[in-house]
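Input: a single structure, listed below in structure tokens.
Chain identifiers are assigned alphabetically (A, B, ...) following the order of the sequence lines, protein sequences preceding nucleic acid strands; residue numbering begins at 1 within each chain.
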2 protein chains.
Amino acid sequence: MNEPEGVWQHCTNSAIRRAARQLGQLYDDVIAPSGLKGTQFSLMSQIALAGRDGIPLKPLAEAMVMDLSALGHTLKPLTRDGLVELIADEKDGRVRRARLTATGAARQAEALTLWRDAQARFDAAFGAERSAEMRALLGLVSSPDFAKAFRAAQPIR
Amino acid sequence: MNEPEGVWQHCTNSAIRRAARQLGQLYDDVIAPSGLKGTQFSLMSQIALAGRDGIPLKPLAEAMVMDLSALGHTLKPLTRDGLVELIADEKDGRVRRARLTATGAARQAEALTLWRDAQARFDAAFGAERSAEMRALLGLVSSPDFAKAFRAAQPIR
DNA sequence: TGAATTTAGTGGCATATACCATTATATTGG
DNA sequence: CCAATATAATGGTATATGCCACTAAATTCA
């Protein structure tokens, strides 16, 4: 039974989006009882690391490898629902810092429990070692250095 | 210089989305002159494989690991712009087959040239061998068998 | 054969995410 | 200090993508 030919076998971009769709569904199904999507959980978890001071949107976007305006839009449902708040920066009037509200922190903690289940399933299905290796490779692809190397690579001549 | 802590170091779902955003930008920049986005190029290339008969939306969605309705939505800009057409199936009145128009095929061919450059850059920056390995791993994650294994890993209670 | 069920698609709604233009603040150079 | 420039964020617009409800057509079964 031959697998049908697919672009993803040749195109890394297609392959990664396809896998992201699959993983998105699998993780979402597990953490859905918390009322959060996987993307929201990721974002809130990253914000949580900043603690009470919060983190300015610009560096947050960079850490997430996300466009700044996309981050702003993605935050809207979260601020609307009172899970995240944007606070002014003391020093720089342009800056807004994202911070979890008490409700948001509780929600994130709740989702964290479910996430552990999802991640454990992934490790079980994929192998814990390959899982860590995969994250390391994905981390490389996501790095500014990789982007630089990609852009600098010589086009076909 | 310590890298800041990030969720993506622990969560494979976060890691893959983050890498997908990065790759999306990099590939998009390269194939933009064709007027297509990376996602559109992927989809059209997959449709192209079906040739003149086209391919019903359901199996196309399955191949792309995409929700059927999401596929329908994604196809809209392409049908609107006359790059893809949906034709009736001879045997089954429920089925619509997606097929590239002549214009769409030409556009896809044009984007293909640019894509080769993008993929070559990826291979150069990441290593051709690791690149192929990565696609293979992503293919595993995208497979129905992996989804089954993930869901079976632990019962929800 | 006709009713019940399954299957393929469509449309509405919501989030995710990008690019562009604009605004509000800083920072810098003269 | 002030004008020019740079930076952070916001809002508009468009595509990407998922869930749910609904329709149409095929299949199943009594």
Side-chain angles (χ1 to χ4, degrees), chain A residues 13-14 16-29 31-32 35-44 54-62 64-81 83-84 86-98, chain B residues 13-14 16-29 31-32 35-44 54-62 64-81 83-84 86-98:
Chain A
N13 188 41
S14 301
I16 205 167
R17 293 195 78 101
R18 188 160 167 267
R21 285 190 292 267
Q22 171 100 284
L23 270 197
Q25 300 244 346
L26 295 173
Y27 276 70
D28 273 5
D29 283 351
I31 71 172
L36 295 178
K37 308 293 198 68
T39 49
Q40 300 178 323
F41 170 71
S42 296
L43 190 49
M44 288 176 67
I55 174 175
L57 299 191
K58 187 80 195 312
L60 177 57
E62 273 161 12
M64 298 293 290
V65 189
M66 192 181 280
D67 179 85
L68 177 59
S69 75
L71 172 62
H73 292 146
T74 302
L75 281 172
K76 256 176 217 157
L78 297 173
T79 54
R80 180 200 58 201
D81 296 344
L83 302 173
V84 172
L86 297 182
I87 59 184
D89 185 274
E90 305 267 311
K91 312 292 179 57
D92 192 329
R94 296 167 298 183
V95 169
R96 296 271 181 281
R97 290 172 166 267
Chain B
N13 187 41
S14 302
I16 206 166
R17 294 195 77 98
R18 188 162 167 266
R21 284 190 292 267
Q22 171 100 282
L23 271 198
Q25 301 243 356
L26 295 174
Y27 275 70
D28 273 5
D29 283 352
I31 71 171
L36 294 179
K37 308 293 198 70
T39 47
Q40 301 178 323
F41 170 70
S42 296
L43 190 47
M44 287 176 67
I55 174 175
L57 299 190
K58 186 84 197 308
L60 177 57
E62 272 161 12
M64 298 292 292
V65 189
M66 192 181 281
D67 180 86
L68 176 60
S69 76
L71 173 62
H73 293 146
T74 302
L75 283 173
K76 260 183 212 151
L78 298 173
T79 53
R80 180 202 58 200
D81 297 346
L83 302 173
V84 172
L86 297 183
I87 60 185
D89 186 274
E90 304 269 310
K91 312 291 179 55
D92 192 329
R94 296 167 298 183
V95 168
R96 296 270 180 278
R97 290 172 167 267

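Between Leu57(B) and Leu86(B) there is a side-chain heavy-atom pair separated by less than 4.5 Å. At a threshold of 4.5 Å between non-hydrogen side-chain atoms, the residues Leu43(B) and Val84(B) do not count as touching.
Nearest to the side-chain atoms of Leu86(B) among the listed nucleotides dT25(C), dT10(C), dT15(D) stands dT10(C). Looking at the side chain of Thr74(B), the nearest of the listed nucleotides dT10(C), dA18(C), dT17(D) is dT17(D). The Thr39(A) side chain lies nearest to dA16(C) when the options are dA16(C), dG18(D), dA8(C). When the nucleotides dC19(D), dA9(D), dT15(D) are ranked by their closest atom to the side chain of Pro56(A), dA9(D) comes out on top. Distances were taken from every side-chain heavy atom of Ser69(B) (C-beta onward) to each of dA9(D), dG12(C), dG12(D); the shortest belongs to dG12(C). The side chain of Asp92(A) lies closest to dA26(C) when the candidates are dT17(C), dA26(C), dT10(D).
Across all strands, Gly72(B) comes closer than 4.0 Å to no nucleic acid atom at all (heavy-atom distances). Base engagement by Leu68(A) is indicated by at least one non-hydrogen atom pair under 4.0 Å involving a base atom. If you check every strand for non-hydrogen atoms under 4.0 Å, Arg97(B) touches nothing.
Distances shown here put every side-chain N or O of Gln25(A) at or beyond 4.0 Å from the OP1 or OP2 atom of dT17(D). Arg21(B) has a side-chain polar atom (N or O) that falls below the 4.0 Å cut-off from OP1 or OP2 of dT17(C). The shortest distance between the side-chain N/O atoms of Lys58(B) and the OP1/OP2 oxygens of dA8(C) is below 4.0 Å.
For the pair Arg97(A) (side chain) and Ile87(A) (backbone), a donor-acceptor distance under 3.5 Å is absent.
Atoms CE (Met64(B)) and P (dT15(D)) sit 17 Å apart, rounded to a whole Å.
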Take Asn13(B) and Thr39(A), measure what side chain to side chain contact (heavy atoms under 4.5 Å, CB included) needs, and give me the verdict at the end. CA-CA 9 Å; Asn13(B) 187 41; Thr39(A) 49; over 6 Å; no
